[in-house]
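In this text, all values refer to a predicted model and were calculated from it rather than measured experimentally. By convention in this document, chain letters (A, B, ...) are assigned in the order of the sequence lines, proteins followed by strands, and residues within each chain are numbered from 1.
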Amino acid sequence: MATAISTAPDLAWTKKISSPQELASFRQAILASLDPNAPRIRVCCGTGCKAVGSLDVLEAMKTAVAAAGVDVHVMPEVKRTGCHGFCSRGPLLTLEPQGLFYQRVKSEDTAEIVQKTIIGGEVIPRFLYKPPGSKEAIAKVSDIPFFAKQTKLVLKRVGRIDPFDIRDAIAAGAYEGIAKVLAEMTPQQVIEEIKVSRLRGRGGAGFPTGVKWESCAGQAGRHYVICNGDEGDPGAFMDASVMEGDPHAVLEGMAIAAYAMGSDRGFLYVRMEYPLAVQTLTAAIRQAEDLGLLGQNILGTDFSFRVSVSTGAGAFVCGESSALMSSLEGKVGRPRAKYIRSTEKGFRDSPSNLNNVETYANVPEIILRGGQWYTTYGTERSTGTKVFSLTGNVHNVGLVEVPMGTSLKDIVFGIGGGVPNKKELKAVQTGGPSGGCIPIPSKFIDINVGFGKLAEIGSMMGSGGMIVMDENTCMVEISRYFINFLVEESCGQCTPCREGLTRMREILSRITQGEGREGDIELLEEIGQFTNNFSLCGLGTSAANPVLSTIRYFRDEYEAHIRDKKCPAGVCKPLYYYEIDSEKCTGCGVCRKRCPAAAIEGEKKKPHTIHQELCIKCMECYRNCKFDSIRIM
Amino acid sequence: MPESEATCCQEPEVDFVVLDRIIRDEFGGRREAMIMMMQTIQRRYRYLPEPALYYLSQVLGVPITKIYEVATFYASFSLVPKGKHLLHVCTGTACHLKGSGGMVRHVAAKLGIAPGATTPDMKFTLETVNCLGACAVSPVVVFDDKYYPQATVGQLNEFIEKVNAE
Ligand SMILES: Cc1cc2nc3c(=O)[nH]c(=O)nc-3n(C[C@H](O)[C@H](O)[C@H](O)COP(=O)(O)O)c2cc1C
Ligand code: FES
């Protein structure tokens with residue numbers, strides 16, 4: 001599924017940077033060659049924007065710029081950048097130096113943008129963003145609430161630099177951290193700084209990073225530094241965006257970790273569904289090696305660190321640390337019992353340190369500004385920021401970075417803009433497939449998102465997926481969905497997980513098909529607790545969370561399915577049907593035209609009807625009716 | 001998949017020189033790179049042909065049972081040939097919420113095959129995938145390597161009709 005982006009600049013001719021001090025002058029030289037007022041067009045090329053055609057826009061823009069070039073004095077540079085995070089509005093353009101933000105741009109529009117905005121200096125209102133419910137369009141990136149309410153530490157360069165050109169990253173401060181470490185810090189000091197920052201792993205469990213590094217560093221033997229870019233949680237794309245948009249942040253973090261632990265070899269394990277991340281990382285490694293920022297004798301010192309990229313092969317469980325290491329060795333990825341620590345005996349039976357992408361990406365800034373500075377963000381127990389991928393039924397879908405401890409309300413409403421189509425917010429799901437559903441409206445809307453708080457209410461932080469669910473989400477079905485996912489992904493070696501999940505899926509499927517029985521809920525609770533208590537790895541010990549948390553907060557919905565054979569949300573097909581409210585229907589014909597099964601009939605401007613025997617319940621009519629006249633019965 | 005040679009449905013002939021290049025030149029014959037070798041082989045043939053796996057077993061000195069274990073453990077590997085056209089429907093959480101489960105059922109019913117299977121005429125393979133990282137534009141489907149954001153059932157019908165008309 002890869003779509004190639006044109007190749008990265010070749011830097012092999014460049015002289016290696018031979019000391020930490022020289023990196024500073026290299027950066028100065030790049031900065032001096034840049035005119036801060038030169039017009040620049042940035043085209044977002046993250047996965048989300050690419051899916052809606054941003055590569056075509058990039059090409060069209062280059063052509064448009066070249067075609068107009070004769071008359072313009074300055075040639076705007078068209079750069080591909082990583083994800084801005086505002087994915088629901090793609091393809092996105094930012095125009096510098098004005099800081100203009102254009103959304104939903106099509107290839108056909110590029111010539112007009114060059115003529116009017118670049119040459120004429122005129123803002124074209126139709127591309128500007130209008131927040132939901134507001135008539136005022138916003139022209140500048142910095143004024144859009146979606147961006148204005150975020151705090152970008154990890155994502156600071158994502159969307160602003162060309163991930164395929166290391167000079168861009170260096171100009172923006174990349175590799176300053178490793179230069180500082182090599183010039184003036186001992187490995188112990190590095191570990192100490194990370195401990196002071198109280199940085200906790202962003203891969204899910206929230207283990208203190210400094211402590212992990214220290215215990216790994218203390219082991220004898222060759223050390224390995226591994227980055228977990230598996231991001232298996234469906235519906236989450238934070239790590240993808242960091243790897244695609246600012247690969248150097250991850251690589252620099254890994255290099256600093258390697259220095260702290262005395263390692264000379266690193267691996268990045270990337271999900272195979274992320275071909276773009278593999279491209280950006282590979283290009284970044286090559287360029288960094290060409291400049292002497294990775295590889296042999298980094299910055300002219302005797303510290304060497306080589307990194308390579310490996311891809312997964314489609315197994316969620318390979319995100320678990322011991323399974324990942326076994327997969328890196330070319331084997332099947334079955335987790336092993338936790339009493340053997342990877343920091344002692346991990347990859348190739350050697351001491352190995354594994355961290356998440358976002359964890360590493362936090363490191364350079366902590367080194368540069370100090371651990372103390374980092375603790376000024378977030379809460380006492382969860383310091384720093386966290387990137388969430390906000391998806392589901394919310395206006396502004398995309399990547400969101402906020403200080404730990406921000407309330408759910410601020411994220412979902414302040415940044416996300418609330419639920420579209422005048423629907424009610426029902427729940428927020430966090431923590432991936434083995435996380436939990438937080439019921440809303442409830443007191444939980446004010447909860448401050450951090451490691452401890454989420455666990456308290458039966459969910460978890462996980463890696464940062466945040467899925468907003470509106471009133472048309474059936475909690476029984478969603479828990480069946482997650483359990484089904486986990487059944488498919490369970491490696492099957494331990495009985496509680498293998499059998500417990502399969503039984504739970506069986507029961508949940510029955511309930512969603514209208515064949516639920518009295519006692520099913522209690523049975524689910526019993527199996528769920530057993531699975532959570534007695535499974536071998538992290539997959540099994542959290543696998544029942546989606547079931548247990550939905551039973552805890554949405555028991556009445558389970559009961560409606562079992563006792564009344566009704567699906568109140570209108571999701572479980574045998575348990576509802578659609579009807580058109582003849583009072584509300586204006587006969588506009590949208591549903592009739594949209595219906596793929598030709599099940600809707602009616603004359604223009606007269607109320608329509610649905611032929612139940614033809615209806616495939618695809619939701620197309622329900623979703624597209626502007627008059628709220630399709631009802632779930 | 002630009003590297004794929006097999007454009008049609010016949011069993012591709014396995015070229016051992018090509019395999020050698022993949023195993024020895026591209027990955028230095030390292031056992032640890034076995035999963036990536038298998039991915040490269042699969043990209044080329046669109047599945048893992050049995051003779052290729054036996055050859056891999058010989059060159060790497062890894063028992064064929066171990067290779068079979070890996071090939072069946074990871075969801076991305078296929079031991080049977082894929083159809084000429086590939087439809088991936090994302091069933092990740094964001095897409096699921098926007099109705100992708102129904103889309104899978106719809107296509108499966110229309111083609112008379114289960115997800116993951118190929119039609120008997122080898123024209124069409126239906127696959128599901130757990131998130132493509134494009135959740136913002138869900139539901140997402142990928143038909144013959146092209147992403148279709150905010151896909152509709154109607155679009156899926158068009159794909160099927162197009163393929164059937166060939
Ligand atoms: C089933 C399962 C899947 C996991 N998937 C991921 C993943 O996709 N990405 C990740 O960073 N951590 C994942 N983890 C957590 C890792 O095991 C590990 O804790 C983490 O990568 C350590 O990095 P950190 O300390 O920086 O958080 C998973 C754990 C389990 C049990
Ligand atoms: S859930 Fe479908 S792209 Fe992420």
Could you give me the CA-CA distance, side-chain angles and deciding distance for A:E273 and B:H88, then say whether side chain to side chain donor-acceptor pair (under 3.5 Å) is met? CA-CA 12 Å; A:E273 288 84 353; B:H88 283 90; over 6 Å; no

Using the rule given for side-chain contact (heavy atoms from CB on, under 4.5 Å), can you reason through A:E489 versus B:N130, listing the C-alpha separation, both sets of side-chain angles and the distance that settles it, and then say yes or no? CA-CA 11 Å; A:E489 297 299 335; B:N130 289 325; 3.4 Å; yes

List the steps, then state whether salt bridge (Lys or Arg N to Asp or Glu O under 4.0 Å) holds for B:E69 with A:R334. CA-CA 12 Å; B:E69 184 189 27; A:R334 279 195 206 98; 3.0 Å; yes

Take B:H96 and A:E477 through the side-chain contact (heavy atoms from CB on, under 4.5 Å) test and state the conclusion after the steps. CA-CA 10 Å; B:H96 177 78; A:E477 204 281 333; 2.8 Å; yes

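Taking every heavy atom of both residues into account, A:M272 and B:S76 meet most closely at SD-CB, 3.2 Å. The minimum heavy-atom distance linking A:S327 with B:Y74 is given by the pair OG-OH, 2.9 Å. The shortest heavy-atom contact between B:C135 and A:T391 is CB-CG2, 3.6 Å. Here the closest non-hydrogen pair linking B:F73 and A:C318 is CE2-SG, 4.4 Å. Heavy-atom minimum distance, A:G330 versus B:M34: O-CE, 3.7 Å. The two residues B:C131 and A:P234 make their nearest non-hydrogen contact at CB-CA, 3.6 Å.
No side-chain heavy atom of B:Y148 sits less than 4.5 Å from a side-chain heavy atom of A:V52. Contact of the A:I616 side chain with the B:R105 side chain is not registered, since no non-hydrogen atoms from C-beta on lie closer than 4.5 Å. Between A:N393 and B:K98, some side-chain heavy-atom pair lies under the 4.5 Å cut-off.
For A:Q429 (side chain) and B:T93 (main-chain N/O), no donor-acceptor pair under 3.5 Å exists by modelled atom type. A donor-acceptor pair is defined here as one N or O able to donate and one able to accept, closer than 3.5 Å; no such pair exists between the side chain of A:Y481 and the backbone of B:L97.
Residues A:E620 and B:T152 bring no donor and acceptor atom of their side chains to less than 3.5 Å of each other.
Ranking B:V153, B:D144, B:N157 against chain A, the residue ahead of the rest is B:V153, based on heavy-atom pairs under 4.5 Å. Residue with the most contacts toward chain B among A:S389, A:S310, A:G333: A:G333 (heavy-atom pairs, distance under 4.5 Å).
The pair A:R348-B:E32 meets the salt-bridge criterion, since a charged nitrogen lies less than 4.0 angstrom from a carboxylate oxygen.
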